[in-house]
4 protein chains.
Amino acid sequence: MSQRQEARDLAEERIFEAAVKIFSQFGYESSSVRMIAKEAGVSPGLLYNYFKNKEELLVRVFEEGLKDVQATFRDLPDDGQVKTYLLHNFRIMQEKKQLWRLIYLIRMQQSTLAILGERINRVQKQVLDRLEARLRSSLGDKARAEAVLLNASLEGVVFHYLFDNSFEFELAQQALLTRYS
Amino acid sequence: MSQRQEARDLAEERIFEAAVKIFSQFGYESSSVRMIAKEAGVSPGLLYNYFKNKEELLVRVFEEGLKDVQATFRDLPDDGQVKTYLLHNFRIMQEKKQLWRLIYLIRMQQSTLAILGERINRVQKQVLDRLEARLRSSLGDKARAEAVLLNASLEGVVFHYLFDNSFEFELAQQALLTRYS
Amino acid sequence: MSQRQEARDLAEERIFEAAVKIFSQFGYESSSVRMIAKEAGVSPGLLYNYFKNKEELLVRVFEEGLKDVQATFRDLPDDGQVKTYLLHNFRIMQEKKQLWRLIYLIRMQQSTLAILGERINRVQKQVLDRLEARLRSSLGDKARAEAVLLNASLEGVVFHYLFDNSFEFELAQQALLTRYS
Amino acid sequence: MSQRQEARDLAEERIFEAAVKIFSQFGYESSSVRMIAKEAGVSPGLLYNYFKNKEELLVRVFEEGLKDVQATFRDLPDDGQVKTYLLHNFRIMQEKKQLWRLIYLIRMQQSTLAILGERINRVQKQVLDRLEARLRSSLGDKARAEAVLLNASLEGVVFHYLFDNSFEFELAQQALLTRYS
DNA sequence: GATGAATGAGTATTCATTCAT
DNA sequence: AATGAATGAATACTCATTCAT
């Protein structure tokens, strides 16, 4: 029973990893279930033992990925400073590049946003609130505006890092970190 | 003859507008030729009287849009200051919302980047160089790094404006403009 | 009135020639009405002023072509000998290559044969009867069998001449003519 | 697993047979994938589980058919005489009527010749060379010309047998065999 | 649990034909 | 007579999904 459960988990895990890889590479619509199954080394039919359909697979991949990122954030030592927050972001962005690509793709696609938009909005709000809190002490009532801008700036940097291969990331990183030291 | 030409222009224009709308809403892959034809109020076959294929339609939409944006930029009064540049961007972003959405979607999708990536890279480089030139006088050799960061920040703001409907644009805009006044 | 008639005939003639060329090159199904119109230098719509549809165009082309061939035959001096008949065939085959290709294509295509099969059978019978008559004096009651064989042989040579570009026509021609001298 | 394989083989076989039938009846271009699927009693999509595309289906049908014919030739007792060769041809022509129709259709259609012309030319050359060898002993240096003519004559007979339902095959056959006895 | 054969609706594109001009 | 814009059905092919094994 336990063995069977493990086998199940193994297959599910492989499908999962494959889905992250394929979705992040080709986007939701251009990724076929067959491609994911092949990448996972299983038959196309097996996906439907674990996921109701392609859409649910995307949702689950997104949810798990988000949990993963949030857990990583929690585990990193945090002194509440903005600089530390930025460094964490740059680190995770590099470690979970595929996942981040996927999250951005989902945020921009009407079809996927319809499914996951609500969830994304909640996370955005949380992120923004925490960033505002970090800025509050030094900036006072300008903290909210600066938080909104900093969040957008950081996402702009991440966006370029993920999708623009001529992006001079080091320069942007240094400039941003210097500003918050 | 003149009536012919009018009919031609009208149909082409309607297909064009429909393509901008549908592409920017769903992205290239998820937009079907049928959807575009329906939106334009014509039969699917008619598209091929005006555009060689779906890909050429995308390219034309992109090229025309870019030309339009560049012309608008040229027509706006410019004192060479960063603040003015930002204001122009915010203005165009709002006026050409659909087009900008489309450009972002293209930049993130492998299949469309394969078609238009080269063109986009050239524009990116040009934008960056001009931004660097504006910053040169006040920042000296830190101008490049700041240009890269500012460009990313601006794009982050645009990104949120376009795809995040809970985005507090006014706050971000003020914060950014204040910094460069 | 007469001028108009001439104009009509001119356009019809050009469509005709174009149809022979295109049909014989690509076959009936693979030839598009647009291709024929383009080749004729007229608009696609004009075809339907002269021909009810694509099928009727084929039928008319075939009929006219056949008439043309038969007229040519009639005009050539004939001494009633088999050899002369063969020479006439080789000559026309070379002069009306396109037309002959078309006739062969029609004879082998179910769709076109359904339309023209009856007509073709009648001509075949006529050809065969005349050939038999030529052979009667020298061969007596074996004339029919020899006529059937000779006709098939001749058509085999024509077939290779038309569709097999590695065919050694000169050799075959000499061998056949020698046999009937 | 065995049942799987049986199902596979059965479906593939049915599609194959259907393709032979439809292709030989209508030719390549005029045969639609739908028609073939319907004839085979399967859904159109299933074809692509067994054949990469319509063209590969044609190639496979052609190659298999040719192999089959060549094997039959090899298995028939052969004394090296022309008459025996002719008899073999008449026999196979009758047994593999559909296949032979298809081969003739392929040879006359530009689109299919582009695919299979090379292969067909090689076979043609081989056939001709062997025929020449059979004739060499009795005809000497006229063997080549006679081989070319005989081959064309034989093909003319086959052509009429396949595509002309008023063809008096028995007469032609007797006349040809008599000549080489 | 796992397979992969099978389906059928969907995709981009072509094309004979019509008809207002 | 002549045009060519417009249509809609047809084409080859793909793909998410189901289900017997």
Side-chain angles (χ1 to χ4, degrees), chain A residues 3-5 7-8 10-12 29-37 41-55 57, chain B residues 1-12 29-37 41-55 57, chain C residues 3-5 7-8 10-12 29-37 41-55 57, chain D residues 1-12 29-37 41-55 57:
Chain A
Q3 255 178 336
R4 190 175 286 178
Q5 187 57 33
R8 187 195 145 91
L10 180 62
E12 189 171 2
E29 306 282 351
S30 299
S31 300
S32 79
V33 168
R34 282 185 118 85
M35 286 161 74
I36 294 169
V42 300
S43 68
L46 190 59
L47 268 84
Y48 293 82
N49 281 20
Y50 298 104
F51 307 95
K52 205 178 56 179
N53 51 32
K54 192 183 167 186
E55 180 177 315
L57 177 54
Chain B
M1 199 64 173
S2 169
Q3 246 167 337
R4 266 292 159 69
Q5 192 56 41
E6 269 175 46
R8 257 201 94 84
D9 291 348
L10 180 63
E12 186 170 0
E29 302 282 355
S30 304
S31 299
S32 79
V33 168
R34 271 187 131 90
M35 286 162 71
I36 294 170
V42 301
S43 67
L46 190 60
L47 257 100
Y48 295 84
N49 279 20
Y50 301 98
F51 306 93
K52 204 178 54 170
N53 51 32
K54 191 184 167 187
E55 181 174 318
L57 182 51
Chain C
Q3 254 178 337
R4 192 175 284 180
Q5 187 58 32
R8 189 195 142 91
L10 180 62
E12 189 171 5
E29 306 282 352
S30 299
S31 299
S32 79
V33 169
R34 284 186 116 84
M35 284 161 73
I36 294 170
V42 300
S43 68
L46 190 59
L47 268 85
Y48 293 82
N49 281 20
Y50 300 104
F51 307 94
K52 203 179 55 176
N53 50 32
K54 191 183 167 187
E55 181 178 314
L57 177 55
Chain D
M1 198 66 173
S2 171
Q3 247 168 334
R4 265 292 160 67
Q5 191 55 40
E6 270 175 44
R8 257 201 94 84
D9 290 349
L10 180 63
E12 187 170 0
E29 302 282 356
S30 303
S31 299
S32 78
V33 168
R34 271 186 129 91
M35 287 161 75
I36 295 170
V42 300
S43 67
L46 190 60
L47 258 101
Y48 296 85
N49 278 19
Y50 301 100
F51 306 93
K52 203 178 53 168
N53 50 34
K54 191 184 168 188
E55 182 175 319
L57 182 51

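Just so you know, these numbers use all the heavy atoms, side chains as well, and skip hydrogens, waters and symmetry mates.
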(request) Could you let me know what dT14(E) is paired to, Watson-Crick or G-U wobble, both distances under 3.5 Å, or none if it's on its own? (result) dA9(F)
(message) Measuring to OP1 and OP2 of dT17(E), would you say a side-chain N or O of Y48(C) lies under 4.0 angstrom away?
(response) yes
(message) Looking at every heavy atom in both L47(C) and A37(C), which two are closest together, and how far apart are they?
(response) CD1-CB, 3.6 Å
(message) On a heavy-atom basis, which atom in L46(A) and which in A11(A) lie closest, and how many Å separate them?
(response) CD2-CB, 4.2 Å
(request) Starting from the 5' end of DNA chain E, give me the residue, S32(B) or V33(C), whose nearest nucleotide shows up first. (result) S32(B)
(message) Side chain of R34(A), heavy atoms from C-beta onward: which of dA16(F), dT11(F), dA2(F) has the nearest atom to it?
(response) dA16(F)
(request) Check every atom of dA2(E), dT7(F), dA16(F) against the side chain of L46(B) and return the nucleotide holding the closest atom. (result) dT7(F)
(message) Set out, in order, the CA-CA distance, both residues' side-chain angles and the distance that settles side-chain contact (heavy atoms from CB on, under 4.5 Å) for L57(B) and V33(B), then state yes or no.
(response) CA-CA 10 Å; L57(B) 182 51; V33(B) 168; over 6 Å; no
(message) When you measure from the side-chain N and O atoms of Y50(D) to the phosphate of dA5(E), is any distance below 4.0 Å, counting only OP1 and OP2?
(response) no
(request) Assign each of P44(D) and S43(C) to its nearest nucleotide of DNA chain F by heavy atoms, then name whichever residue's nucleotide is nearer the 5' end. (result) S43(C)
(message) Nearest whole Å is fine: how far is dG4(E) P from R8(D) CZ?
(response) 9 Å
(request) Using Watson-Crick or G-U wobble geometry with both distances below 3.5 Å, tell me the partner of dA1(F), or none. (result) none
(request) Report the residue (N49(B) or K52(D)) whose heavy-atom-nearest nucleotide on DNA chain F is the more 5′ of the two. (result) N49(B)
(request) Mind checking S30(B) for me? I need base, sugar-phosphate or nothing, with any heavy atom below 4.0 Å counting as a touch. (result) nothing
(request) Measure the distance from CD on E29(C) to P on dT11(F) and round it to the nearest whole Å. (result) 10 Å
(request) Measure from CD on E55(C) to P on dC15(E) and round the result to the nearest Å. (result) 18 Å
(message) Distance check needed: dC15(E) C1' versus L57(C) CG, whole Å only.
(response) 15 Å
(message) Just the rounded figure in Å: distance from P of dC13(F) to CG of N53(D).
(response) 5 Å
(request) Looking only at non-hydrogen atoms, find the nearest pair between S30(B) and M35(B) and report the distance. (result) O-SD, 3.7 Å
(request) Kindly compute the distance separating NZ (K54(C)) from CD (E29(C)), expressed to the nearest 0.5 Å. (result) 6.0 Å
(message) Measure CG/L47(B) against P/dA5(F) and give the value in whole Å, please.
(response) 14 Å
(message) Expressed as a whole number of angstroms, how long is the span from F51(C):CZ to dT18(E):P?
(response) 15 Å
(message) How many whole angstroms separate atom CD1 of I36(D) from atom P of dT11(F)?
(response) 11 Å
